[in-house]
Trainee: 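This is the structure, below, for whatever I ask next.
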Amino acid sequence: FLFLFARSGPCAPRKKERAMDPEDMDAKGRLVDFKNKGKDEEFMRGKRRDYNVELRKSNRAEHLLKKRQIDDEPSAVSNEEANLLLLKARETMGQFEGIEPHLIQMVEGILNDDDPENQYQCVQTCRRMLSRSAGPPIKPVIRTGVIPKIVAMLMWDHNPQMQFEAAWILTNIASGSPADTASVYDAGALPLLMRLFHSPKLEVKEQAVWAIGNIVGDGPMLRDKVLAAGGLELILQALESDESVHLTRHATWTYSNFCRGKEPRPDFQRVSQGIPTLYRLLQSQDVPTRIDAVWALSYLLDNTVPNIQRVLDSQCHLLLLPSLGNCHPDLLLPVLRCFGNISTGSNEQTQVVLQLEVVQHLKELLHHAKENIRKEAAWLASNIAAGTAEQIQHLINSGVVPEMLRIFDTSEYRVRKEICWTVVNIALRGNAEQIAVIVGLGGIRAIVQMLVVAGTTESHLLDGLASILRAGDRLPNRMPGDRNPYAEAVELSHGVLRLESLLNCANDAVAQKAAAILDQYFKEEENAGIHPDMDNGQFSFHQQAPAGNFHF
């Protein structure tokens, strides 16, 4: 019986970064033939977008979802202040069980409108505590119940400085966990923060933008709520006003948070309104603004083929080319992500990347000082390798593929994994000559080495290995009875031992694939209880199939 995969398909070249929508997979993916090379290219492109979740999680530090403002003034409360507050708070401690005494006094001062001077000092104290670089007491402050009062202060138009302090406090609380951010949203802060976009005080407006950026950055649920409330339009208005470099930075970063996320994706019709503004921001002389603008573009390109085309039609990607040279790594990373996301689209969209000569930079970037850049360059190459034979040949002729396999042994695990994806994609999408090239460069050895790494997804590696072995069967000038030379290369790389070890793999599909390869090419090995054939490039097993298909 045939093993069908919901993830990336046994013979599907893989392009990471975009998981295929479950609805699309249910409609098209589950009944596509195991050997789908040359059959359904649109589906093949969809399956290239699958391997993204772990990369997105691992790259959270590359582009912060939330930012907490650090105070330039002395942080927290001094020991003397804390002791004084402790003395003053003893008589009211019963109301705040489990809360530190200095927090009690601070909250009582914030709640007391009859002493404005002390109230302002207590609000400042709260802001300083939440702004310290280590261990800000976000949750203890939330537990005091003071957030509704802080939110109410956003309405104090007669006291802009108090509005500023209150917005700063809410910004830093919203920089915490999802529960912390929800406490700000649930207290009704969003409409009042949006109202402050019209404040005559620039610093108040800047802080409100920052606070909303943290709310949007919490995740798809709050992002979509802010979108529905009209927050995106206000951000775009702030970007058009160009009142200060800090406002532009905060608003650009907030816009990038509106564009990110895939479960679900943001409404493209809404967020694409900002593309004309983004075109201008990508030309900014302010590096932090430009970095966040490129990240926003990368999220817009992390999309379906039609939506990628809409972004390409804006020609924003052309503004990225100068950044492929010597530039700040924080800028280079999202630039590579943009071109990588373009190459997850159609073959025509991948061709755009080739025509811009992006590939000419990859060989050098494989030796960049930062591992993330090396990994991203290898990932982009693996996406191109999932294209047409002509695109694969371009990648080989540029020297990128030979260089990737040359540095394989000395590269970090994440880079080696991308190199292996490149080899597997060429094995699945390339022609016989291109497969011969990767074999000659050590592609089989690379696959076998990754098979022995704990945590590696063996399934796609076995797909690539099986495709290489099939190509060996079709080599010209082979005499009847001659051994498949690619099978000999597997043996020399100690691949047979690894294949045998996979027979005990907990993943039944992986075990069955390994057994099929062993039975077809290494018949002296005993595969007890499993007798697979390879028919027309498809794995079949002569045993009772369970009801339904396997989906992993």
Trainee: Does anything in residues 189-198 pair up under salt bridge (charged side-chain N to carboxylate O under 4.0 Å, His left out), and if so which pairs, sequence neighbours excluded?
Mentor: D157-R195
Trainee: Going by the ring-ring contact (aromatic ring centres under 6.0 Å, His included) test, which pairs reach into residues 212-245, not counting sequence neighbours?
Mentor: none
Trainee: Charged N to carboxylate O below 4.0 Å: is that the case for R249 and D292?
Mentor: no
Trainee: Taking only residues two or more places apart in sequence or in another chain, which ones pass side-chain contact (heavy atoms from CB on, under 4.5 Å) with D267?
Mentor: Q269, R270
Trainee: Run the side-chain contact (heavy atoms from CB on, under 4.5 Å) test against V209 and tell me which residues pass, sequence neighbours left out.
Mentor: F197, I235, L247, H250, A251, T254
Trainee: Of the non-hydrogen atoms in D218 and P178, which two are nearest, and what is the gap between them?
Mentor: OD1-CA, 3.2 Å
Trainee: Quick check: closest heavy atoms across A174 and I215, and the distance to 0.1 Å?
Mentor: CB-CG1, 4.3 Å
Trainee: Could you walk me through whether D180 and S183 pass side-chain hydrogen bond (donor to acceptor under 3.5 Å, both in side chains), step by step?
Mentor: CA-CA 5 Å; D180 300 336; S183 69; 5.5 Å; no
Trainee: For A208 and A167, which heavy atoms make the closest approach, and how far apart are they?
Mentor: N-CB, 4.5 Å
Trainee: Do E233 and Q273 have a side chain donor and acceptor closer than 3.5 Å?
Mentor: yes
Trainee: Looking only at the side chains, is there a donor atom on one of E240 and T277 sitting less than 3.5 Å from an acceptor on the other?
Mentor: yes
Trainee: Any side-chain donor-acceptor pair under 3.5 Å between D313 and Q309?
Mentor: yes
Trainee: Report yes if the side chains of R290 and V287 come closer than 4.5 Å at any heavy-atom pair, otherwise no.
Mentor: yes
Trainee: Are I308 and N341 side-chain neighbours, meaning at least one heavy-atom pair lies under 4.5 Å?
Mentor: no
Trainee: Quick one: which residue pairs count as a salt bridge (charged side-chain N to carboxylate O under 4.0 Å, His left out) with a foot in residues 379-396, not counting sequence neighbours?
Mentor: none
Trainee: I'd like to check the side-chain contact (heavy atoms from CB on, under 4.5 Å) partners of E403; sequence neighbours left out, ordered by chain and number.
Mentor: K363, L366, H367, R406, I407
Trainee: State, to 0.1 Å, how close V216 and R223 come at their nearest heavy-atom pair, and which atoms those are.
Mentor: O-CB, 3.7 Å
Trainee: Can you confirm whether the side chains of S244 and E206 place a donor and an acceptor under 3.5 Å from each other?
Mentor: yes
Trainee: Looking only at side chains, do S131 and N172 share a donor and an acceptor under 3.5 Å apart?
Mentor: yes
Trainee: Heavy-atom count around Q285 CD within 6.0 Å, excluding the residue itself: above 12?
Mentor: no
Trainee: Assess whether a salt bridge exists between D302 and R260, defined as any Lys/Arg side-chain N lying under 4.0 Å from an Asp/Glu carboxylate O.
Mentor: no
Trainee: L356 versus F339: any side-chain heavy-atom pair under 4.5 Å?
Mentor: yes
Trainee: Before you tell me yes or no, could you show the steps for V294 and L282 under side chain to side chain contact (heavy atoms under 4.5 Å, CB included), namely the whole-Å CA-CA distance, both residues' side-chain angles and the distance that decides it to 0.1 Å?
Mentor: CA-CA 7 Å; V294 178; L282 289 168; 3.6 Å; yes
Trainee: Evaluate K205 against E243 for side chain to side chain contact (heavy atoms under 4.5 Å, CB included), listing each step before the verdict.
Mentor: CA-CA 10 Å; K205 183 186 297 188; E243 294 181 61; 2.5 Å; yes
Trainee: Hey, mind stepping through H317 and C338 against side chain to side chain contact (heavy atoms under 4.5 Å, CB included) and telling me if it holds?
Mentor: CA-CA 8 Å; H317 62 290; C338 285; over 6 Å; no
Trainee: Within the 4.5 Å heavy-atom criterion, are L365 and L332 side-chain neighbours or not?
Mentor: yes
Trainee: Side-chain contact, heavy-atom cut-off 4.5 Å: L278 with C259?
Mentor: no
Trainee: When you compare the side chain of L192 with that of M155, does any pair of heavy atoms fall below 4.5 Å?
Mentor: yes
Trainee: Flag the pair S459 / N507 as yes when at least one side-chain heavy-atom distance between them is below 4.5 Å, and no otherwise.
Mentor: no
Trainee: How about NZ on K370, more than 12 heavy atoms from neighbouring residues, nucleotides or ligands closer than 6.0 Å, or not?
Mentor: no
Trainee: Do S272 and R310 touch side chain to side chain, with heavy atoms closer than 4.5 Å?
Mentor: yes
Trainee: Among V353, V359, V400, exactly one meets side chain to side chain contact (heavy atoms under 4.5 Å, CB included) together with H394. Which residue is that?
Mentor: V359
Trainee: What do the steps show when you test D242 against T248 for side chain to side chain contact (heavy atoms under 4.5 Å, CB included), and what is the final call?
Mentor: CA-CA 6 Å; D242 199 22; T248 300; 3.4 Å; yes
Trainee: Would you find more than 12 non-hydrogen atoms of other residues, nucleotides or ligands less than 6.0 Å from H368 atom NE2?
Mentor: yes
